[in-house]
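What follows is a set of notes on a single structure, which appears directly below.
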Amino acid sequence: MAQPSVLTPQSDDFPRWYQDVVQKAEMADNGPVRGTMVIRPYGYAIWERIQRELDDRIKAAGAQNAYFPLFIPESYLHREAEHVEGFSPELAVVTHAGGDELAEPIVVRPTSETVIVEFMAKWIQSHRDLPLLLNQWANVVRWELRPRLFLRSSEFLWQEGHTAHASAEDASRYATLIHLEVYNDFLEQVLAVPTIVGIKPKSERFAGAVNTMTCEGMMRDGKALQLATSHELGQNFARAFNIVFQGDDGVSQHCHTTSWGASTRLVGGLIMSHGDDRGLRIPPRLAPWQVVVIAVRDDDEVTHGAREVARELLEAGVRSHLDSGRGSFGRRVTDWEIKGVPLRVEVGPRDLASGHITLVRRDSGEKITVERGEFVGRAREILDEMHDAFYADALAFRESRTTSVTSVDDALVAAQHGFARLDWDLVDEAAEARLKAEAVTVRCLVRRDGTLPQHEEEPNLVAYVAKSY
RNA sequence: CGGGGCGUAGCGCAGCUUGGUUAGCGCGCCUGCUUUGGGAGCAGGAGGUCCCGGGUUCGAAUCCCGGCGCCCCGACCA
């Protein structure tokens, strides 16, 4: 019965558990160059689901996809002082090409603000050209000192949105819309991860931004992970790249720009938000395969029965996968548990004879026996219920590890195992330095009612502090 | 880049202290048979630049010197 666990238990060594899951669920491998990542088919299927859900929401918010080059003239980076300062340490720079040294080095994009804004300047003349709402799906390179698969790799995949607006209010409104209706909606409604939606303090802001919003999630080890961010860039880039439009009053002025991104880090967030000692647990709306149909034996009758079951699920719009009966039953069950498929259907001679179907939930392990004729409907109901169960479970965990405190000392204690909430007024520069000395940072600032502040000078803000990835 | 750990078969490791047959073990892989309702069993088999370079020695996985790489913990970040 009690087998030695396949994975390192989370409580023994969380980072090790994470690596085990990534490996044994066949999500990814390390690439040959340090910090690079090979995303395997199962990991990529998850990413494709994430892409699909985000892309639909981005388009619903009015942005259009486009593509800008991987190579950026180094001089572009230098045009915005804070931007270049922020990214210089992690740039990969091409100095040679075509057998010669280049006159001007080329930077491999760490993010595309500079090229995209350069072209916005070319395309925007009039207020009638605004807002300009662009998004691209791309790879970017940031040379990482300490890489971890999905969480921090030197090359990663993401979407980066870039928009230009006539006024600061429009820019702010749009960045907030993206943040709430694209990112937070996806995180809660698809990834089933409850988030703290807030703004970054100045010390944690994106290089070149005037305001950075974040969705912070809590991982199963109590650490925070930034799952998505949206930036108001003010007129910083518009000035540096001369994006000027003529208003309806005939006056020329600089645009206000925004940028916003979410990356393959989300896959890491998925693993660490929901995973347990048996492996991954994928919330049903995200799962590439929502149901795996396991033929208990490798004989014609059972395999045929299982195939029928899988087919009926597919016809009902449930993403299902057939595991025909090769290999031992127990082994296959374990493998699918590691991969985190939400619902398992076991089809064997007994089920075929009795006219029943056995469903097993990955989240709770509960076995449910249903009539053959009703099982598709039941499966869909259970998948629906599971989304809420995933969310409630993650929320309960976060609440159990969030402590309200009234001093920086207490915050440091609480941050050893989770989030600490305290008045932002209590965190002056010296306090931030003290936190940082113990690897604790201010993750974000929120209003007392939990809503998103406009800026960090608002009175009565609450700070969430934690260790983070 | 600082602190710690480690490089031996695809993966995980033993062997190294005290140099000496043909370098082992578990898992995985291949073949066959028996199995299949919670990580299958038996039999046979394939698979190695012992991280790299140099040195000591009759002889080096083992000892010495120098590199490189990986992992964990920090500083930086999606």
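Treat the numbers as computed from the prediction; the structure is a model and nothing was measured. By convention in this document, chain letters (A, B, ...) are assigned in the order of the sequence lines, proteins followed by strands, and residues within each chain are numbered from 1.
- B/rG74 is paired with B/rC1 under the Watson-Crick or G-U wobble criterion, all donor-acceptor distances under 3.5 Å.
- Environment of CZ in A/Arg401: crowded, with over 12 heavy atoms of neighbouring residues, nucleotides or ligands closer than 6.0 Å.
- The residue among A/Glu204 and A/Lys467 whose nearest nucleotide of RNA chain B is located toward the 5' end is A/Lys467.
- Comparing B/rG37, B/rC77, B/rC73 by their nearest atom to the side chain of A/Pro349 picks out B/rG37.
- Backbone-only engagement by A/Gln19 is indicated by non-hydrogen atom pairs under 4.0 Å involving sugar-phosphate atoms exclusively.
- A 3.5 Å limit on both hydrogen-bonding distances identifies B/rA43 as the Watson-Crick or G-U partner of B/rU31.
- The CZ atom of A/Arg362 lies 12.0 Å from the NE2 atom of A/His274; values are rounded to the nearest 0.5 Å.
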Legend entry - Steps toward salt bridge (Lys or Arg N to Asp or Glu O under 4.0 Å) verdict (A/Asp393, A/Arg220): CA-CA 11 Å; A/Asp393 189 42; A/Arg220 295 311 274 199; 3.8 Å; yes
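- Candidate nucleotides B/rG38, B/rA78, B/rG37 were compared by shortest atom distance to the side chain of A/Phe156, and B/rA78 ranks first.
- Taking for each of A/Arg148 and A/Thr358 the nucleotide of RNA chain B with the nearest heavy atom, the 5'-most of the two is the partner of A/Thr358.
- Nearest to the side-chain atoms of A/Arg152 among the listed nucleotides B/rC71, B/rC73, B/rA78 stands B/rA78.
- A/Lys436 has no side-chain polar atom (N or O) that falls below the 4.0 Å cut-off from OP1 or OP2 of B/rG74.
- The aromatic ring of A/Phe329 is not stacked on the base of B/rG37, since the criterion of ring centres less than 5.5 Å apart with planes inclined by under 30° is not met.
- When the P atom is compared between B/rG48 and B/rA23, the two are found 12 Å apart, to the nearest whole Å.
- B/rC76 atom C1' lies 13 Å from atom CD of A/Glu85, rounded to whole Å.
- Residue A/Arg331 has its side chain nearest to B/rG28 when only B/rG28, B/rG37, B/rU36 are considered.
- Put simply, the side chain of A/Ser273 never gets that close to the backbone of A/Met219: no donor and acceptor are under 3.5 Å apart.
- Taking 3.5 Å as the limit, the base of B/rA40 and the side chain of A/Ser328 contain no donor-acceptor pair of atoms between them.
- Because its NZ or CZ atom is not both nearer than 6.0 Å to the ring centre of A/Tyr469 and within 45° of the ring axis, A/Arg148 does not count as a cation-pi partner of that residue.
- B/rG53 is paired with B/rC65 under the criterion used here, namely a Watson-Crick or G-U wobble arrangement in which both key atom distances are under 3.5 Å.
- Residue A/Tyr469 is in base contact, counting any heavy-atom pair closer than 4.0 Å across all strands shown.
- A distance of about 14 Å separates the P atoms of B/rC11 and B/rC71, rounded to the whole Å.
- Remark: the separation of the P atoms in B/rC64 and B/rG7 is 15 Å, to the nearest Å.
- For the P atom pair drawn from B/rC72 and B/rG55, the interatomic distance equals 36 Å after rounding to whole Å.
- At a cut-off of 3.5 angstrom, the base of B/rG37 holds no donor-acceptor pair with the side chain of A/Arg332.
- Ranking B/rA78, B/rG38, B/rG74 by closeness to the A/Thr334 side chain, first place goes to B/rG38.
- When the C1' atom is compared between B/rG41 and B/rG59, the two are found 44 Å apart, to the nearest whole Å.
- Taking atom C1' in both B/rG66 and B/rC27, one finds a spacing of 36 Å when rounded to whole Å.
- The side chain of A/Ser263 approaches B/rA78 more closely than any other nucleotide in the set B/rG37, B/rA78, B/rC77.
- Separation of the P atoms belonging to B/rU18 and B/rG74 is 37 Å when rounded to the nearest angstrom.
- Side-chain N or O atoms of A/Arg443 include none that pairs as donor or acceptor with a backbone N or O of A/Lys200 at under 3.5 Å.
- The separation of B/rC50 from B/rA61, taken at their P atoms, amounts to 7 Å, rounded to a whole angstrom.
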